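Before any comments, here is the structure.
Just so you know, these numbers use all the heavy atoms, side chains as well, and skip hydrogens, waters and symmetry mates. No experiment lies behind these values; they were computed from the predicted model shown.
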Amino acid sequence: MVSQISEAILDVIADALVDKGYILLSDIIPDYVSLALLEKMQAEQNIEFKKAAIGRGIEQQINTEVRCDKISWLDNQDHIDREYILVMNQLKDGLNRRLFMGLFDFESHYAVYEPGAFYKKHLDSLHGSQNRILSTVFFLNPDWQENDGGELILYDESDLPLEVVNPNIGTLVLFLSERFPHEVRPTMKTRNSIAGWFRVSNATHGF
């Protein structure tokens, strides 16, 4: 059974999103879930990875000069994936109670960056599109060293580096999708993560 996110932690997350628009967390996902997710990623026969594309809809295309990770979408029918999704649903419900964000849906995919892979600076949601509202990145890399690269960089609204996040296992990053450009620096060894987005169903949200 997945442990519950405490009301106190949900308060901290909500306050951070209001005050600065992002937060870095550790230990919010149980260790056994992290290890099961990592084991699934490493057992390639259990996941079909495809080259990641940029853009959406008819404009979607593969451009390895912008991003060169491989992805596989999580499936709520898979018992390992479901453990992670259940925690994200707790987060969704807790933030909706506190901030009235109108989050109704969560989509996420595994992302593997092989040595040399990167993802150049981008926004997860165009300003005003009001589809992806809150972005998540969860890292699954034990014993990651500083010279292994693969850092997630968050930029502020002046396009200056705001946070440099090493992709250590158990670290979860949450940030407002329309507000923070971000990039993945080239990695020196295989880097595993789960990227996700909370979405709204209409143009009404706020806090």
Side-chain angles (χ1 to χ4, degrees), residues 1-6 9 12-13 16 20 22-52 64 66-75 78-91 106-122 124 134-155 161-175 180-197:
M1 179 178 179
V2 174
S3 61
Q4 296 293 309
I5 304 176
S6 72
I9 292 297
V12 169
I13 295 170
K20 59 182 184 178
Y22 73 95
I23 187 171
L24 280 57
L25 300 159
S26 59
D27 301 324
I28 193 172
I29 307 293
D31 289 344
Y32 78 90
V33 175
S34 300
L35 293 174
L37 293 166
L38 175 61
E39 183 177 345
K40 181 178 177 179
M41 285 197 75
Q42 292 176 331
E44 294 183 1
Q45 68 271 20
N46 292 333
I47 298 183
E48 181 182 358
F49 285 98
K50 297 181 179 180
K51 289 183 178 180
T64 56
V66 175
R67 69 182 297 186
C68 38
D69 56 321
K70 296 179 180 178
I71 67 171
S72 179
W73 293 93
L74 272 70
D75 179 2
D78 179 275
H79 73 281
I80 296 175
D81 294 355
R82 188 164 59 247
E83 294 279 335
Y84 180 76
I85 293 169
L86 286 172
V87 177
M88 294 296 104
N89 284 336
Q90 291 180 43
L91 183 58
F106 179 71
E107 59 179 0
S108 59
H109 64 61
Y110 294 97
V112 58
Y113 289 76
E114 296 172 345
F118 57 86
Y119 193 165
K120 290 187 176 179
K121 186 167 57 178
H122 64 284
D124 284 343
L134 184 64
S135 297
T136 69
V137 184
F138 183 57
F139 296 115
L140 295 168
N141 305 291
D143 304 316
W144 199 263
Q145 304 298 314
E146 188 174 340
N147 59 1
D148 290 332
E151 302 94 342
L152 172 69
I153 313 296
L154 294 184
Y155 291 88
L162 183 65
E163 290 282 352
V164 178
V165 187
N166 289 319
N168 298 305
I169 191 168
T171 299
L172 176 68
V173 185
L174 307 174
F175 58 93
F180 297 101
H182 53 285
E183 71 171 317
V184 176
R185 287 181 174 166
T187 182
M188 300 297 106
K189 66 180 186 181
T190 301
R191 173 191 187 274
N192 297 306
S193 63
I194 298 175
W197 303 269

Can you list the steps and then say if His182 with Tyr119 is a side chain to side chain contact (heavy atoms under 4.5 Å, CB included)?
CA-CA 9 Å; His182 53 285; Tyr119 193 165; over 6 Å; no
Mind checking the CG-OG spacing from Leu154 to Ser135? Nearest 0.5 Å is all I need.
9.5 Å
Any idea which heavy atoms bring Val87 and Pro30 closest together, and the distance?
CG2-CD, 4.5 Å
How far does CD1 of Ile194 sit from NE2 of His109, to the nearest 0.5 angstrom?
10.5 Å
So do Pro142 and Leu38 actually touch side chain to side chain, heavy atoms under 4.5 Å?
yes
ring-ring contact (aromatic ring centres under 6.0 Å, His included) with Tyr113: which residues, sequence neighbours excluded?
none
Answer with yes or no whether the side chains of Tyr22 and Glu163 bring together a donor and an acceptor at under 3.5 Å.
yes
Is any side-chain heavy atom of Ser108 less than 4.5 Å from a side-chain heavy atom of Trp197?
no
To the nearest 0.5 Å, what is the distance between CD (Glu39) and CG (Leu35)?
8.5 Å
Atom CG of Asp75: over 12 foreign heavy atoms under 6.0 Å:
yes
Donor-acceptor check, side chain of Thr136 to backbone of Gly196, threshold 3.5 angstrom: yes or no?
yes
Are Lys50 and Trp73 in a cation-pi contact, defined as NZ or CZ under 6.0 Å from the six-membered ring centre and within 45° of the axis?
no
Taking all heavy atoms of Gly150 and all of Arg191, pick out the closest pair and write down the distance.
O-NE, 2.6 Å
Residues Val137 and Ser193: closest non-hydrogen pair is CG1-CB, 4.4 Å
Distance, nearest 0.5 Å, that separates NZ of Lys51 from NZ of Lys70:
7.0 Å
Can you check whether Leu140 reaches Phe138 side chain to side chain, under 4.5 Å on heavy atoms?
yes
Taking it one step at a time, do Lys40 and Asp78 satisfy salt bridge (Lys or Arg N to Asp or Glu O under 4.0 Å)?
CA-CA 11 Å; Lys40 181 178 177 179; Asp78 179 275; 3.3 Å; yes
Keeping Asp69 on the side-chain end and Val112 on the backbone end, is there a donor-acceptor pair under 3.5 Å?
no
Tightest non-hydrogen contact, residues Pro186 and Gly116, listed as CB-O, 4.4 Å
Passes side chain to side chain contact (heavy atoms under 4.5 Å, CB included), Leu74 versus Met88? Steps please.
CA-CA 12 Å; Leu74 272 70; Met88 294 296 104; over 6 Å; no
Assess whether side chain to side chain contact (heavy atoms under 4.5 Å, CB included) is satisfied between Ile23 and Val12, documenting all intermediate values.
CA-CA 9 Å; Ile23 187 171; Val12 169; 4.0 Å; yes
Nearest 0.5 Å, what's the CD-OH distance between Glu83 and Tyr32?
4.0 Å
Derivation and outcome, side chain to side chain contact (heavy atoms under 4.5 Å, CB included), residues Leu174 and Leu91:
CA-CA 11 Å; Leu174 307 174; Leu91 183 58; 3.8 Å; yes
Can you name the closest pair of heavy atoms from Phe139 and Asn168 and give their distance?
CB-O, 3.3 Å
Main chain of Thr190, side chain of Glu114: is a donor-acceptor contact present, judged purely on distance under 3.5 Å?
no
Is the backbone N or O of Asn141 less than 3.5 Å from a side-chain atom of Asn192, with the two atoms forming a donor-acceptor pair by type?
no
Gap between atom CZ of Arg185 and atom CG of Asp148 - 0.5 Å precision
14.0 Å
Between Phe180 and Lys20, the two heavy atoms sitting closest are CZ-O, 3.2 Å
Quick one: does Ser6's side chain have a donor or acceptor within less than 3.5 Å of a partner on Ile9's backbone?
yes
Can you check whether Leu37 reaches Tyr84 side chain to side chain, under 4.5 Å on heavy atoms?
yes
Is the cationic atom of Lys121 (NZ for Lys, CZ for Arg) positioned less than 6.0 Å from the six-membered ring centroid of Tyr155 and within 45 degrees of its normal?
yes
